[in-house]
Structure formats: structure tokens, C-alpha cells
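All heavy atoms count here, side chains included; hydrogens, waters and symmetry mates do not. Throughout, residue positions are numbered sequentially from 1 according to the sequence presented.
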Amino acid sequence: MNTNTKNKILLTLISVITLSLSSCLPVMDAKVLAVFKNCTKDTLYIGASNDNNINNVEAIIQPCYEPVASTFDTTGISLWNENSDFNISKSYICPDSSCYYSGDDKLFENPVPRYFFLIKYKDAKNHSWDEIRNKKLYTIWISKKNKDGRFETNIKTEDIVTP
């Protein structure tokens, strides 16, 4: 066998091995657009919107960690169910932990403030969605762009307003 044929066989073998190994790697199809930190002392569910209306939530903010199944009982919790089929069973954000938004760019494309509706786990567990809205058992955190053009990312108790 000549050197040219050996090189072709070696190159083919390396290509097949490389393609086989790369097919085992997980593919990430979500683009993380914003990372936030829950600086409150509460476990929260957080819905995001471009306007100040809890009924118009466009996205649920997700934790940056995989919640342990036994940490919180999420049975019976149903939030924002009229607008979509958001799966919130593992979407609670523990105190002093990070969370993220990934998905549609439209939530962050304009320079207007972003409204984040914060519902405490205990309220979500003990009240229906209608009670939470009617009794205003939620707070609002508004994230505006600073002078550098970036959104505030630390959700702090002193920055939260009641509806």
C-alpha cells in the first residue's frame, strides 16, 4: 500500500471517529438572554412581561439549577394557566440563587422597562390563581436599563413594589 492510500484511509478513519463522538454530545438549542439573581429571602415563581399586567406574562423565569424533586411540593400549583401551558413545577427560584430567561428576543429588544411578577411559593401553594390575582398576592419588580444600556439583574426586596 502506498503512502497516499494510507493517508486517505487514516483521514477517513479519523473523520468517522470524530463524527461518531460528536453525535453523542448534547445539543443546546436555547439561547440564554438574561440571568438574574433572587436576592430576596423568599422562594419565588417569576413571570416576565413587557407591560404591567400579570395576565400578560410572556415567559416564566427558570432556575439555573435543577430543583430537587423533594424540596418543594408543587402539586396543585397552577399559575398563568389562562395565557399558556407554562410548566412551572420546577420553575421555583430559591432565595439567593440565580435564574435565567431564554427564549424569544422580543421580551428584551426594546428599551422599555421589564415587569417581573413575583409570587411567593407559600402563596402559590395556598391560593388559587384567581385568588392570587384578585387579592394581589404578588409583587412587581421592574428592571430598567441603566446608563450602560444593561438591565438590572439583582432582584432585591427594596426594589419590589406592590400592585
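Contact between I60 and G47 at its shortest, heavy atoms only, is CD1-CA, 4.3 Å. The minimum heavy-atom distance between K90 and Q62, with the atom names listed, is O-OE1, 4.3 Å. Across T43 and C94, no two heavy atoms sit closer than the pair OG1-CA, 4.0 Å. Between P63 and S91 the shortest heavy-atom distance is CD-CA, 3.9 Å.
Between atom CD1 of residue I61 and atom CD1 of residue I155 there is a gap of 7.5 Å, rounded to the nearest 0.5 Å. The CD1 atom of I54 lies 7.5 Å from the CD1 atom of I140; values are rounded to the nearest 0.5 Å. Annotation: the span from C64 atom SG to F36 atom CZ amounts to 10.0 Å, rounded to 0.5 Å. T40 OG1 to D159 CG: the interatomic distance, rounded to the nearest 0.5 Å, is 11.5 Å. Taking CH2 of W129 as the start and CD1 of I77 as the end, the distance is 12.5 Å to the nearest 0.5 Å. Interatomic distance, CG of L79 versus OG of S128, reported as 10.0 Å (0.5 Å rounding).
For the pair Y101/I46, no side-chain contact is recorded, criterion being any heavy-atom separation below 4.5 Å from C-beta on. Side-chain contact between I119 and I132 is present, with at least one heavy-atom pair separated by less than 4.5 Å.
Checking side-chain atoms of E58 against main-chain N and O of N50 turns up a donor-acceptor pair under 3.5 Å. Distance alone, capped at 3.5 Å, places no donor-acceptor pair between the D42 side chain and the K120 backbone. Side chain of N126 to backbone of K122: a donor-acceptor contact under 3.5 angstrom is found. D130 places no side-chain N or O within 3.5 Å of a backbone atom of N134 that could act as its donor or acceptor partner. Between the side chain of S143 and the main chain of E152, a donor-acceptor pair closer than 3.5 Å is present.
In this structure, K37 pairs ionically with D96, as a charged nitrogen and a carboxylate oxygen lie closer than 4.0 Å.
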Test Y138 against L118 for side chain to side chain contact (heavy atoms under 4.5 Å, CB included), laying out the working first.
-> CA-CA 6 Å; Y138 59 91; L118 315 176; over 6 Å; no
Side chain to side chain contact (heavy atoms under 4.5 Å, CB included) between L44 and Y92: does it pass, once the steps are laid out?
-> CA-CA 5 Å; L44 303 170; Y92 53 85; over 6 Å; no
